[in-house]
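Every chain is numbered from 1 and lettered A, B, ... according to where its sequence line falls, protein lines coming before strand lines. Side chains included, hydrogens not; waters and symmetry mates left out as well; all remaining heavy atoms used.
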Protein chains: 2
Amino acid sequence: MDDDRDACQIFHIDEEKVLKLKAGLIGEYKALTLSEIFKALGDPTRVKILYTLMENELCVCDIASLLGMTVSAISHQLRLLRNLKIVKYRKEGKMVYYSLDDEHIKKLLEMGVTHVEE
Amino acid sequence: MDDDRDACQIFHIDEEKVLKLKAGLIGEYKALTLSEIFKALGDPTRVKILYTLMENELCVCDIASLLGMTVSAISHQLRLLRNLKIVKYRKEGKMVYYSLDDEHIKKLLEMGVTHVEE
DNA sequence: CATACATTTGAACAAGTGTTCAACTATTTA
DNA sequence: TAAATAGTTGAACACTTGTTCAAATGTATG
């Protein structure tokens, strides 16, 4: 009688629970920002790119060669990853060397692998 | 002279490095599987749904009410999350209670927040 | 300066995605 | 059995996305 599961019709969960739930809601902006990061990792090409960068920094055409894709396609993806601060770059003459921006990205990838591998 | 950065033109990185890089490449299937998980987290609505499930299990129309969206929209998203084993569900009479499938998902979300908040 | 090369960029296209609407299933209750 | 309720589903739509191609930067080198 005390914990009869919330029927849905009029949404009559007890006040306290409603408040707790609403307080725990993620904000619109935060949800968007967070989803943008995950979305960036949510493409096979970008996953492959990031994997090549996990131990080394590499230039655009090295990545393109390794993945068997056009330099243009890789560059487009790198721009996206750059804008989201997922990779950083370093210019040296004609070449541009890309690397992961921070350790979080590496950890996110590793945790993703852990999840899919179990 | 020893570590002259790989010029790109003919991709003449030294053999050892090429081999190491190629060995570290992620496979096609693994990249796809991994990207599917991240893609699932890469939508604001799904992020919000998962956030409501971080501490409680909830039924579809509770989530819909909390987020101010239609039951149908939520149900479609939950199916996707279900198929990817990101959420699990429990049936009780007419109601279906959803919850996060495992701790990894929670950790991924938390780690994502950490990344965007710094 | 002219040439070569690494990378970036914009436009365009096919393919994929999220929401809505209406119809449907399944379960409870009268 | 009939009505009510919780949830699922499929089709349709506008919108977004990833790649390609061609053209444009920027930088070194002859």
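Side-chain nitrogen and oxygen atoms of B/K91 include none within less than 4.0 Å of the OP1 or OP2 phosphate oxygen of C/dA26. Phosphate contact (OP1/OP2 of C/dT20, side-chain N/O of B/S72, threshold under 4.0 Å): absent. Close to D/dG7, at under 4.0 Å from its OP1 or OP2, lies no side-chain N or O of B/R82. One finds no side-chain N or O of A/Q77 lying less than 4.0 angstrom from the OP1 or OP2 phosphate oxygen of D/dT17. Under 4.0 angstrom from either OP1 or OP2 of D/dG18 there lies no side-chain N or O belonging to A/T45. The shortest distance between the side-chain N/O atoms of B/R79 and the OP1/OP2 oxygens of D/dG10 is below 4.0 Å. Side-chain N/O atoms of A/R46 include none lying less than 4.0 angstrom from OP1 or OP2 on D/dT17.
Between the CD atom of B/E92 and the P atom of D/dA6 there is a distance of 14 Å, given to the nearest Å. Rounded to whole Å, the distance from CE on A/M95 to C1' on C/dT7 is 10 Å. Between the CD1 atom of B/I49 and the C1' atom of C/dT19 there is a distance of 12 Å, rounded to whole Å. Between the C1' atom of D/dA4 and the NZ atom of B/K94 lies a distance of 7 Å, rounded to the nearest Å.
Ring geometry for B/H104 versus A/H115: interplanar angle over 60°, hence perpendicular rather than tilted (30 to 60°).
Stacking between A/H76 and C/dT9 is shown: the ring centroid lies under 5.5 Å from the centre of the six-membered base ring, and the planes differ by under 30°.
Each of A/T70 and B/V71 was matched to the nucleotide of DNA chain D holding its nearest heavy atom; the match closer to the 5' end belongs to B/V71.
Counting non-hydrogen atoms under 4.0 angstrom, A/Y89 reaches nothing in the nucleic acid. Within 4.0 Å of B/S75, counting heavy atoms only, lies at least one base atom of the nucleic acid. A/V96 comes within 4.0 angstrom of the backbone, heavy atoms only, and of no base.
Within the 4.5 Å cutoff, side-chain heavy atoms of B/E55 are placed close to those of B/K106. Using a 4.5 Å heavy-atom threshold, the side chains of A/D101 and A/L84 count as separate.
With hydrogens and angles disregarded, a donor-acceptor distance shorter than 3.5 Å links the side chain of B/D43 to the backbone of B/T45.
Side-chain proximity of B/A73 to the nucleotides C/dT27, C/dT7, C/dT19 is greatest for C/dT19.
Tested against A/Y98 for a side chain to side chain donor-acceptor pair (under 3.5 Å), the candidates A/R82, A/E57, A/R90 yield a single pass: A/R82.
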